[in-house]
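Remarks on the structure that follows.
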There are 2 protein chains.
Amino acid sequence: MAALWQCQGVTNTSTGAVRQGSLRELNLAVVLRRIAAADRPPSRAELAAATGLTRATVSAVVDDLIAGRLVAEAEPAPRTGAGRPARGLVLAADGPAGLGLEVNVDYLAACVVDLTGAVRQHLVDRADLRPVSPADALDRLAALAAAARAAAVREGLTLAGAALAVPGLVSDGGLVRLAPNLGWRDVDVPGLLAGRPLAEPVDGIPPLVVDNEANLAALGELHAGPPGSASFLHVSGEIGIGAGIVLDGVLYRGARGWSGELGHIPVDPRGRPCRCGGQGCLERYAGQEAILAAAGLAGADLPADTAATRLADLAEAGDPATLTALTDAGTALGVAVAGVVNLLDLDTVVLGGGYAPLARWLSPPVIAEVSRRVLTAAWSPVTVRPAALGAQSAAVGGAASVVRRIVDRPVGWLARSS
Amino acid sequence: MAALWQCQGVTNTSTGAVRQGSLRELNLAVVLRRIAAADRPPSRAELAAATGLTRATVSAVVDDLIAGRLVAEAEPAPRTGAGRPARGLVLAADGPAGLGLEVNVDYLAACVVDLTGAVRQHLVDRADLRPVSPADALDRLAALAAAARAAAVREGLTLAGAALAVPGLVSDGGLVRLAPNLGWRDVDVPGLLAGRPLAEPVDGIPPLVVDNEANLAALGELHAGPPGSASFLHVSGEIGIGAGIVLDGVLYRGARGWSGELGHIPVDPRGRPCRCGGQGCLERYAGQEAILAAAGLAGADLPADTAATRLADLAEAGDPATLTALTDAGTALGVAVAGVVNLLDLDTVVLGGGYAPLARWLSPPVIAEVSRRVLTAAWSPVTVRPAALGAQSAAVGGAASVVRRIVDRPVGWLARSS
DNA sequence: GCCATTTAATTCAACCACTGAACAAATTGG
DNA sequence: CCAATTTGTTCAGTGGTTGAATTAAATGGC
């Protein structure tokens, strides 16, 4: 999970006991989620019918939500037939917002997402961060975050928390154990950010959560993608290959928070040796370096994020080596993905990160392997599609995860803003 | 999930809304779970301290649980220091119990597990069921179930539900889509059982749940295994290779309930063709037939469950072909398991089903592959161990799942027994 | 042997949040 | 312009938790 300061909340504690006030707490969440999920602004009466609560209760709950600036009344009431016109309820666009941050190999990003899910700010600072020390990188990130925060405040938003995406393994407490492509090892992010506004807890609410880039990108996809697919695998193809696993609408993080190491699934047990110590890992066949080498671009030392667009350009132009490289990579990816789908029975696979611009060429071999190897594919097909957000979805996903936390447990925000 | 009659319960509906009575409903579950999880009979006061509820509330809740025969007071009160002696609370051994059933290739099984988790009945009917029609097989099963039920009733137990384990894919509604080794296809279990006591719903409570054998075996392991490992992979090595995935203490069933097809994870993408249409599936290297063939026992046509013991005997005797066969199978299994652990970050892998008696020889190569290929294995080792229940754990797991449902939502039972 | 001490469990008035019904508000249609 | 209709609010009633006081049942010191 990697939350800096685990903020479990007052009620509904780890014991699960339901106290007096939990009733209201839970119903606030139920009603707010319903408003968030509705496709058009629902009325109080519709919410009552949908949730099974009384209209009286819904009114009281909605009053609390409006007072807490989480919900607003949509002025143009949706016209229906006879009767008193309903007043539509929408998520407030001027209430709390989430700050999403990302450190990657060749850029820093900060973005702000409001309650409705709209991206209100998006700043990117391009620079090769490999030669930069972690402390300096976080310095620049803090500056970028401050700029984003200032712009958001000017728009009337209040930041309710932040999430930082890192391309590596993050353990509890925000410690980055290993980010190989960044060259980080045991970097204590909260320690290095100490004293900066980002790190100051406000009323006990954790200001910053550090998480794996693939995890947050998957959350971004859950947030931005088409509704319906609540169980999917989001594959982030960068230099390494990470995956975020969303099961029934919740991100699965694993026993220690280190799930999703798709890049080291064996696709050829006696194949190419991998720097992880294993052999035949997917990364050696479908990782960025492997694709570049197969396309004849080895050692070109491209900026990491232009590698994908460069490959896309070459493929577009019909370069045979590139096309073969992408087909081979897609086949290897398909083998690994087929195993995952057999195991987890997912209905959707999303190609994200560096794979997003290459999805046109990667998808066919992936689909071919999946439909050949997945037992249940015959009577229940698996969808393979590019990520809705494309690259840099991790920052958006991080910001969205902050917002999602508020929607899932509005009491935390309401207590803060009193 | 494959519940025959989805019994969502009255309160805490699909909307998640929390109504008046849900408060009690939830607290009943909280207190009961606590009693179940405690290592010695807790007092009401201890429960209050542990849950955060008031002693008054706990008393009221416990009264309800005792009245509903879910909890009993342990007579020998645990001695402490001064003060009025506490009255220990334990799960009732004479209350509701679960019936677990299993149809497999060469046996039928029925067992009864009470609330405390004790196996109170265990009947096995050995017979090769491949030549038998599904209707006849279910006939025999119903007879076995009736015998187990009668014996349980004689001991003062009340059956609260049943779960049937089938070695195949089960879809919602109890329809067995495909059980290859049994030769079943689209078998409508509830339809064939119609009219039998097993299929009669009592007060809307689903009398029978049909589920995959590997899923229920994993639940059995969760129930019987050492506490602590709440995220594990339970591998059932039969003719096919199934796996039950338990994440944070709950069985993961997949988007459509067809998760765990470990047998068709590719371990050699250009390897042996598999009858699933794929190539190099694990089943072709570590399935029972593959091991027997490699050990020189191909076509011996052994009763399926003696195959494992036969192999164990040969390995015990030092037969070189068998030892090589087991090492190779273990290596293939290790490759697949390493991929799974990389993906899901599990800390434990349980070898169950037919693998249980062979674990002594399979574990070393599995561990070798896992520690070589799992990225995080270095600083956080993965445990590989044989199943605590061994073969036939599916029936026990099924019975335990019935009991677990009661502990997780006691209101369902209390409403029934009023 | 008795009483202060201690801890367990119950009782009871207060209170919080939901319920259900009655009522006020706001619009359509005849 | 009024009946019909639907939304939203008000208010007494109720279920269930809370917190403090009370009763219950032991230990241990004098």
Side-chain angles (χ1 to χ4, degrees), chain A residues 10-13 15-31 35 41-67 71 73-89 410-411 414, chain B residues 10-13 15-31 41-67 71 73-89 410-411 414-415:
Chain A
V10 211
T11 46
N12 215 5
T13 55
T15 66
V18 181
R19 331 216 352 177
Q20 189 79 258
S22 314
L23 240 167
R24 194 24 113 38
E25 169 170 354
L26 293 169
N27 280 333
L28 282 166
V30 167
V31 170
I35 295 173
S43 67
R44 291 167 174 78
E46 283 168 350
L47 289 171
T51 59
L53 296 167
T54 333
R55 291 205 305 267
T57 304
V58 171
S59 272
V61 168
V62 167
D63 284 350
D64 282 6
L65 292 173
I66 290 179
V71 164
E73 290 193 324
E75 265 325 311
R79 303 273 80 239
T80 54
R84 171 175 171 175
R87 313 235 273 173
L89 298 169
V411 161
L414 295 178
Chain B
V10 211
T11 46
N12 216 3
T13 56
T15 66
V18 182
R19 333 218 350 178
Q20 188 78 259
S22 313
L23 239 166
R24 194 23 106 50
E25 167 171 355
L26 293 169
N27 280 334
L28 282 166
V30 167
V31 170
S43 68
R44 291 166 175 77
E46 284 167 350
L47 288 171
T51 60
L53 296 167
T54 334
R55 290 206 304 267
T57 304
V58 171
S59 273
V61 167
V62 166
D63 283 350
D64 282 5
L65 292 173
I66 290 179
V71 164
E73 290 193 324
E75 267 324 310
R79 302 273 80 239
T80 53
R84 173 177 170 174
R87 313 231 271 172
L89 299 169
V411 162
L414 295 178

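A note on names: the letters A, B, ... follow the listed sequences, proteins ahead of strands, and every chain is numbered from 1.
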Tell me the interatomic distance from [X], atom [atom1], to [N], atom [atom2], rounded to whole angstroms.
| X | N | atom1 | atom2 | result |
| --- | --- | --- | --- | --- |
| Arg87(A) | dT6(D) | CZ | P | 19 Å |
| Leu28(A) | dC16(C) | CG | P | 16 Å |
| Arg24(A) | dG16(D) | CZ | P | 18 Å |
| Arg44(B) | dT11(C) | CZ | C1' | 14 Å |
| Glu73(B) | dA8(C) | CD | P | 14 Å |
| Leu23(B) | dC15(C) | CG | P | 19 Å |
| Arg19(A) | dC15(C) | CZ | P | 17 Å |
| Leu47(B) | dT17(D) | CG | P | 14 Å |

Notebook entry, point to check: Looking at DNA chain D, which of residues 55-65 of chain B put a heavy atom within less than 4.0 Å of it?
Noted result: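 Going residue by residue through residues 55-65 of chain B, the ones with a heavy atom under 4.0 Å of DNA chain D turn out to be Ala56(B), Thr57(B).
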Check: Mind checking what makes side chain to side chain contact (heavy atoms under 4.5 Å, CB included) contact with Leu47(B), not counting sequence neighbours?
Finding: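 Leu47(B): side chain to side chain contact (heavy atoms under 4.5 Å, CB included) contacts with Val31(B), Arg34(B), Ile35(B), Pro42(B), Val58(B), Val62(B), Leu89(B).
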Next item on the list: Using a cut-off of strictly less than 4.0 Å, decide whether Ser43(B) has a side-chain nitrogen or oxygen near OP1 or OP2 of dT7(C).
Entry: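 No, Ser43(B) has no side-chain N/O under 4.0 Å of OP1/OP2 on dT7(C).
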Margin query: Looking at dG16(D), I'd like to know if its phosphate oxygens (OP1 or OP2) sit under 4.0 Å from a side-chain N or O belonging to Asn27(B).
Written below: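 Negative; the distance criterion is not met.
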Next item on the list: Could you check which of dT18(D), dG8(D), dA26(D) has an atom nearest any side-chain atom of Thr54(B)?
Entry: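 The answer is dT18(D).
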Check: Just how far is it from atom CG of Leu28(A) to atom CG of Asp64(A), taken to the nearest 0.5 Å?
Finding: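 One gets 5.5 Å once the value is rounded to the nearest 0.5 Å.
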Checklist line | Arg87(B) side chain reached by Arg44(B) side chain, heavy atoms, under 4.5 Å | finding: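 In short, these two side chains touch, coming nearer than 4.5 Å.
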Note to self: How close do Glu46(A) and Pro41(A) get, counting heavy atoms only, and between which atoms?
What the structure shows: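 Nearest pair, atom of Glu46(A) first, then Pro41(A): OE1-O, 4.3 Å.
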Item checked: Donor-acceptor pair present, Arg84(B) side chain and dT7(C) base, under 3.5 Å ->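 Looking at the base of dT7(C), it does not pair with any donor or acceptor on the side chain of Arg84(B) (distance under 3.5 Å).
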Next item on the list: Say whether, by atom type as modelled, one donor and one acceptor occur between the side chain of Thr54(B) and the main chain of Thr57(B) under 3.5 angstrom.
Entry: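 No: the side chain of Thr54(B) does not pair with the backbone of Thr57(B).
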Check: Side chain of Arg19(A), backbone of Gly52(B): donor and acceptor closer than 3.5 Å?
Finding: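 Present.
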